[in-house]
Protein chains: 2
Amino acid sequence: MSGKKVPDMDMARSLALLWGSHTKPGRSGLTVRAIVEAAIGIADAEGLDALSMRHVAERLGVGTMSLYTHVPGKTELTDLMIDAAYGELYRDVDEPSAQPDGWRGALEFVAARNWDLYRRHPWMLQLVTPRPVLGPNASLKYEAELRPLDGIGLSDVEMDSVLALVLTHVEGTARVRAGLDQIEQATGMNETEWWLASAPVLDKVMDASRFPVASRVGTAAGQEHQGASDPAHALAFGLARILDGVADLIAGR
Amino acid sequence: MSGKKVPDMDMARSLALLWGSHTKPGRSGLTVRAIVEAAIGIADAEGLDALSMRHVAERLGVGTMSLYTHVPGKTELTDLMIDAAYGELYRDVDEPSAQPDGWRGALEFVAARNWDLYRRHPWMLQLVTPRPVLGPNASLKYEAELRPLDGIGLSDVEMDSVLALVLTHVEGTARVRAGLDQIEQATGMNETEWWLASAPVLDKVMDASRFPVASRVGTAAGQEHQGASDPAHALAFGLARILDGVADLIAGR
DNA sequence: TAGTGCTTCCGTACGTTGTACCGTACGTAA
DNA sequence: TTACGTACGGTACAACGTACGGAAGCACTA
């Protein structure tokens, strides 16, 4: 009952790290910023599984334990990585609301930007936590993505719900996309090749007599997407349905 | 260039395990089924992080390496866990299509069942891979969930897309829910307590002068949900919008 | 019944991981 | 020049998945 961590302390420490300006480099040039950049480089190139403190230290030409002088632990490092990545999203806070085609065009833009971000940094999908990382870029992201929804007939709570819905959809489809990429990299077999190779197995599994609808639809969808799933198509299709539903909500006022 | 695994071999082995009837217990009573059940018990109670081969063996009163006689490795074990969990979903293949209120009621039922499944087995959210686990229960799930969408004016590909959209939405919101539970268990602080405690920090982060919309909407949503997010509300709100959008698609024919 | 062989069981060991602990060595201020 | 504080990093520990090889029990045949 006593080994419990005190969240306040951790949070204060994380916040100081996230918001603290760049500390001066020590005698070996080691900086929080440099550590974060090295970590992101590794995660981008080799995946989150390859991200170890030893690996980061090695890339920086530094002893492993030296990292702990600047960063409390791996958890805080990943928080810093996430906030740094959020910084890539928008040029300025009005970029989404400046898009053409009103709130619909803006949400499509937001979806595309988040999708691209996840494609560049697929490791983010393994690190996202329900409680937001309260870094300097998270607030800006939230403001930028909310502005186009202001004054179109939604309540404040609805604005938040609509944005969350779109972001959850993008995250879900991006996760599938990232998973496919990871499998392809691991096995050297892309989705289409896999689908073609496992067609006979799928036919047996999807027994047409026991599962008539599944076998028919599965075959049609497989042919269309040349694989078990097509995340890019799912993103577009789902977003269109969601935005139609939001339009209904607004029109119902 | 030679250490690459041959997917076909792995797949054949996995399929044999998934579909193979229960092998007879050896001289210590060890069975694939028993191993899977023990693993699920651990993952349910202590989370996926606590699921180790040593732990499973300990629970069964068996040497760690004995497990490898019955299961090739941890990856295959988790595949078996997932398929076993899918078996809990539906009483029979017509349960979703027998729901009242047509395709809409059926999809709401499907969403609720998947949501409940993820609440019972939150570890599934950390294991789901884009390529389906081709076990005996996956096909049944697919058929059961597709049937209510048959003959309502959607093409085959659209049926698959609509189902995938709903399932992705449920998975995304359930992931948030599971994340909150995990944090609460780790810190002993529930979402509302955390939100109340970090209100001053949030006020500073969401500077009302720089981020007027974010601070206003964030406050409203926070008050409404008594926390940074409310997955159950997000599930219902999002599903309503999605189903409205699907209705538009059908009506547009 | 004795022998033979196959399968099941499992102890040991290796290479990983995050990080606690503590000694060393350097840059800066007095 | 001396002294202090901080940055650096070597070693060590517990936990992980699992390769390897020995030991032991069961089902057969002779």
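What you are looking at is a predicted structure, and each value in this text was computed from that prediction instead of being measured. First the proteins, then the strands, lettered A, B, ... as listed; each starts at 1.
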Visitor: Find the distance A/Leu77:CG to C/dG18:C1' and express it as a whole number of Å.
Guide: 12 Å
Visitor: Under the side chain to side chain donor-acceptor pair (under 3.5 Å) definition, can you give me all pairs with a residue in residues 46-74 of chain A, not counting sequence neighbours?
Guide: A/Glu46-A/His55
Visitor: What's the CE-P distance between A/Met53 and C/dT16, to the nearest Å?
Guide: 18 Å
Visitor: Tell me yes or no: between the side chains of B/Asn114 and B/Glu145, is some donor less than 3.5 Å from an acceptor?
Guide: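 Present: a donor and an acceptor within the cut-off.
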Visitor: If the condition is salt bridge (charged side-chain N to carboxylate O under 4.0 Å, His left out), which residues does A/Asp79 pass it with, not counting sequence neighbours?
Guide: none
Visitor: The criterion is salt bridge (charged side-chain N to carboxylate O under 4.0 Å, His left out); which residues satisfy it with A/Asp83, sequence neighbours excluded?
Guide: none
Visitor: Which residues satisfy the ring pair (Phe, Tyr, Trp, His ring centres under 6.0 Å) test with B/His121, sequence neighbours excluded?
Guide: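 Counting only residues at least two positions away or on another chain, B/His121 forms a ring pair (Phe, Tyr, Trp, His ring centres under 6.0 Å) with B/Trp123.
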Visitor: Taking the nucleotide of DNA chain D with the closest heavy atom to each, which residue, A/Arg54 or A/Thr64, is nearer the 5' end?
Guide: A/Thr64
Visitor: For the residue pair A/His233 and A/His225, is the inter-centroid distance of their aromatic rings smaller than 6.0 Å?
Guide: yes
Visitor: Below the 4.0 Å mark, does C/dT8 have OP1 or OP2 next to a side-chain nitrogen or oxygen of B/Ser66?
Guide: no
Visitor: How far apart are the closest heavy atoms of A/Tyr90 and A/Ala144, and which atoms are they?
Guide: CD1-CB, 4.0 Å
Visitor: Tell me which of A/Ala50 and B/Leu30 sits closer to the 5' end of DNA chain C, going by the nucleotide each one is nearest to.
Guide: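 Looking at DNA chain C, the more 5' nearest nucleotide goes with B/Leu30.
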Visitor: Rounding to an integer number of Å, can you tell me how far B/Ile35 CD1 sits from C/dT8 P?
Guide: 11 Å
Visitor: Tabulated below should be each protein N or O lying under 3.5 Å from an N or O of nucleotides 24-27 of chain C; please produce it.
Guide:
none

Visitor: Take the protein atom NE2 of A/His55 and the nucleotide atom C1' of C/dG15, then report the distance between them rounded to whole Å.
Guide: 16 Å
Visitor: Considering every strand and a 4.0 Å limit on heavy-atom distances, what is the contact class for A/Leu51: base, sugar-phosphate, or nothing?
Guide: sugar-phosphate
Visitor: Rounded to the Å, how far apart are A/Glu46 CD and C/dT17 C1'?
Guide: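 Those two atoms, CD and C1', are 16 Å apart.
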Visitor: Using the heavy-atom set of chain B and a strict 4.0 Å cut-off, write down the first and last nucleotide of DNA chain D that makes it in, 5' to 3'.
Guide: D/dC16 to D/dG25
Visitor: What is the distance from CD1 of A/Ile42 to P of C/dT17, rounded to the nearest Å?
Guide: 11 Å
Visitor: Can you tell whether the side chains of A/Asp181 and A/Arg177 come within less than 4.0 Å, N to carboxylate O?
Guide: yes
Visitor: Using a 4.0 Å heavy-atom cut-off, does B/Ser52 contact any base of the nucleic acid, only the sugar-phosphate backbone, or nothing at all?
Guide: sugar-phosphate
Visitor: A/Asp49 CG to C/dT17 C1': how many Å, rounded?
Guide: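 Nearest whole value for this atom pair: 12 Å.
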Visitor: So, B/Arg210 and A/Glu143, do they make that salt bridge, N to O below 4.0 Å?
Guide: no
